[in-house]
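Starting from 1, each residue takes its place in the sequence as its number.
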Amino acid sequence: MTAFSLDPVQTAWCAELRALAEERLRPLAEKGEPGHVNRALVAELGRLGLLARLFTSGALDLCLMRESLARGCTEAETALALQGLGAHPVHAYGTRAQRERWLPRVADGSAVAAFALSEPGAGSDAAALALRADRDDARAPTSAPGPGEAAPAARGASPVASGAAPGVPGAVPAASGVVPAVPGTLPAHPGSSPAASGVAPGVVPAASGTVPVGPGPSGVGAQESPVAERDGWGSWRLSGEKCWISNAPEADFYTVFARTTPGAGARGVTAFLVPADRPGLTGTPLDMLSPHPIGALAFDAVPVAADDVLGEPDRGFRVAMHTLNLFRPSVGAFAVGMAEAALAATLTHTAGREAFGGRLKDLQTVAHQVAEMAMRTEAARLMVYAAAAAYDEGAPDVPRRAAMAKLLATETAQYVVDAAVQLHGARALRRGHLLEHLYREVRAPRIYEGASEVQRAVIAKELYASVKAP
């Protein structure tokens with residue numbers, strides 16, 4: 001991989017995003033009700049064209065968006081990221097009908113998405129999830145496809161199996177059914193990366209401001225009928241719980257992962273697109289340290305059918321891991337944005353604060369601390385960019401790079417924000433201070449989308465996979 005640096009156009013685009021976050025998005029964020037989805041903020045992200053970019057930008061551009069927004073308004077960054085996380089499985093694995101129904105509404109901010117993987121007893125150990133999908137009729141096949149077997153492709157569909165290397169080289173997203181760009185939205189900057197959904201090099205991305213609703217990057221979206229329907233799977237009833245689900249219980253639809261084959265571990269999980277109005281689906285908000293919309297969901301025999309499957313039955317874990325591999329580097333970008341905001345506040349404070357007969361910046365202990373904060377932030381930023389570039393290039397070591405980027409960036413942000421609070425003193429702990437806000441915000445990214453301990457396990461597993469046993 002070549003050395004990475006931003007070009008002048010990308011740098012200018014990031015500056016424009018930071019200004020928008022401070023001037024247009026932060027005022028909306030401040031008017032929102034803590035613990036609830038801020039639909040006005042989500043709608044503004046749609047009007048600016050940023051939500052549509054979730055489906056047409058590369059992993060690197062996703063990182064640049066999240067970093068820049070986090071620098072000026074963490075609430076806007078989080079709202080953008082949650083739309084992408086919840087809707088990406090639909091974009092990458094959904095059928096044409098699923099994509100046409102939901103993606104335009106996600107892009108314009110009129111529908112709120114959610115990614116429902118975690119459970120009370122299955123957080124970091126995602127493969128242990130227990131939400132049951134009990135078959136509702138006798139139309140299911142006598143046996144599920146075995147490990148490594150792909151369901152037969154639809155007539156005329158792409159031969160690329162769900163969960164395979166993202167992207168179909170040479171494929172062009174269908175032009176029909178796209179959402180036109182909103183006048184006054186952010187223009188695309190030249191040289192943007194392949195689609196954030198994981199489109200491999202060689203795939204022509206959709207025009208900026210549009211949402212492709214034709215064949216998805218995994219090839220599944222090309223199907224006119226779900227794989228489950230063609231293979232004879234019928235319908236299911238979802239029973240159980242989900243917990244720590246962002247945007248729950250206020251989302252309009254959920255990407256839900258449920259166990260369709262008991263005792264099969266990660267190979268017995270299916271991804272479903274579940275609209276929020278399905279009978280039997282209820283939710284409860286959770287009161288968190290940082291007041292984001294997060295809740296628990298209860299499934300009381302919620303009906304789902306073949307039309308609701310994302311990808312293939314028993315192959316849902318691929319959907320989850322493909323989504324997380326894309327978003328993990330950008331979680332790091334969110335963390336870097338918070339670290340940059342804390343560092344900027346610290347530079348201003350220490351340069352002007354009088355203490356001990358001079359300015360704080362003149363004290364060697366303070367100056368060295370600030371230098372350490374800056375060095376770690378820059379190192380994390382570059383690792384995030386490198387991981388995102390590797391994803392866009394289709395590199396084979398994306399899981400390791402993504403894990404390293406998330407781990408280093410989130411741990412670094414925790415260190416930088418904590419050091420900034422220390423250098424500011426008691427004023428930083430006062431409600432309403434930027435650092436008080438960041439101090440609460442920065443803790444969760446070390447847990448969600450793979451805790452730091454899980455990232456270390458992923459890194460070690462990937463490293464040892466290349467070592468030949470003696």
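A heavy-atom distance below 4.5 Å is not found between the side chains of V274 and F253. Between V319 and F257 the shortest side-chain heavy-atom distance falls below 4.5 Å. L297 places a side-chain heavy atom less than 4.5 Å from the side chain of Y254. Side-chain contact check for E30 versus L41: every heavy-atom pair is 4.5 Å or farther apart. Residues E462 and D397 fail the side-chain proximity criterion, which asks for heavy atoms closer than 4.5 Å. C73 is not listed as a side-chain neighbour of R24, based on a closest heavy-atom distance of 4.5 Å or more. Between Q455 and M404 the shortest side-chain heavy-atom distance does not fall below 4.5 Å. For the pair R105 and W102, the minimum side-chain heavy-atom distance is below 4.5 Å.
A distance-only check finds no donor-acceptor pair linking the side chain of E378 to the backbone of M375 [under 3.5 Å]. The closest donor-acceptor contact from the side chain of T270 to the backbone of G316 lies at 3.5 Å or more, if one exists at all. Checking side-chain atoms of R400 against main-chain N and O of V458 turns up no donor-acceptor pair under 3.5 Å. Panel note: side chain K406, backbone G450; a donor-acceptor pair is recorded below 3.5 Å. A donor-acceptor pair under 3.5 Å links the side-chain atoms of E436 to the main chain of G432, judged by distance alone. The backbone N or O of A130 lies less than 3.5 Å from a partner atom in the side chain of E119, making a donor-acceptor pair. Using a distance-only test at 3.5 Å, with no hydrogens or angles considered, no donor-acceptor pair links the side chain of D252 to the main chain of A113. For the pair T255 (side chain) and G86 (backbone), a donor-acceptor distance under 3.5 Å is present.
Atom CD of Q422 has 12 or fewer neighbouring heavy atoms from other residues, nucleotides or ligands inside a 6.0 Å radius. Atom CG of D287 sits in a sparse spot, with 12 or fewer heavy atoms from other residues, nucleotides or ligands closer than 6.0 Å.
The distance from atom OG of S246 to atom CG of L286, rounded to the nearest 0.5 Å, is 10.0 Å. A distance of 12.5 Å separates CG in L20 from CZ in R26, rounded to the nearest 0.5 Å. Here the straight-line distance linking atom CG of L82 with atom OG1 of T78 works out to 6.0 Å at 0.5 Å rounding. The CE atom of M338 sits 9.0 Å away from the OG1 atom of T410 when rounded to the nearest 0.5 Å. The OG1 atom of T412 lies 13.0 Å from the CZ atom of R381; values are rounded to the nearest 0.5 Å. One finds the CG atom of L117 at 15.0 Å from the OH atom of Y448 (value rounded to the nearest 0.5 Å).
Side chains of Y385 and E67: a donor-acceptor N/O pair is present below 3.5 angstrom, by distance only. For the 3.5 Å distance criterion, the side chains of H437 and T74 qualify, holding a donor opposite an acceptor.
Residues L28 and N38 come closest through the heavy atom pair O-ND2, 3.0 Å. Of all heavy-atom pairs spanning D392 and A59, the tightest one is OD1-N, 2.7 Å. Closest approach of K361 to A367, counting heavy atoms only: O-CB, 3.7 Å. The nearest pair of heavy atoms linking V256 to K242 is CG1-CE, 4.2 Å. Closest of all the heavy-atom pairs between G311 and V309 is O-CG1, 3.7 Å. A pairwise comparison of heavy atoms in E100 and P104 identifies O-CD, 3.5 Å as the closest pair.
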Discussion item. Please evaluate residues M65 and L50 with respect to the criterion side-chain contact (heavy atoms from CB on, under 4.5 Å), reporting the C-alpha separation (whole Å), side-chain torsions for both, the decisive distance (0.1 Å), and the verdict.
Written reply: CA-CA 8 Å; M65 282 196 289; L50 294 176; 4.0 Å; yes

Fill in: side-chain contact (heavy atoms from CB on, under 4.5 Å) between V112 and V106, worked out
CA-CA 6 Å; V112 172; V106 171; over 6 Å; no

Practice prompt. Applying side-chain contact (heavy atoms from CB on, under 4.5 Å), run through F327 and T323 and close with a yes or a no.
Written response: CA-CA 6 Å; F327 278 86; T323 303; 4.0 Å; yes

Worksheet item: Would S118 and C243 count as a side-chain contact (heavy atoms from CB on, under 4.5 Å) if you check the C-alpha gap in whole Å, the side-chain angles of each, and the deciding distance to 0.1 Å?
Response: CA-CA 6 Å; S118 296; C243 197; 5.8 Å; no

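Between H424 and H433, the angle of the ring planes goes over 60°, which puts this pair in the perpendicular group of the 30/60° scheme.
A cation-pi contact, defined as under 6.0 Å to the ring centre and within 45° of the axis, is absent between R267 and F317.
For residues 330-354, the pairs satisfying side chain to side chain donor-acceptor pair (under 3.5 Å) are R66-S330, E354-R359, with sequence neighbours left out.
The side-chain contact (heavy atoms from CB on, under 4.5 Å) with V370 is formed by just one residue from the set L423, V416, L360; it is L423. Each of E75, H36, E441 was evaluated against H292; a single residue qualifies, E441, per the side chain to side chain donor-acceptor pair (under 3.5 Å) test.
A salt bridge links D308 with R278: the closest approach of a Lys/Arg side-chain nitrogen to an acidic carboxylate oxygen falls below 4.0 angstrom. Ion pairing of E372 with R376 is present here, as a side-chain N (NZ or NE/NH1/NH2) and a carboxylate O approach within less than 4.0 Å.
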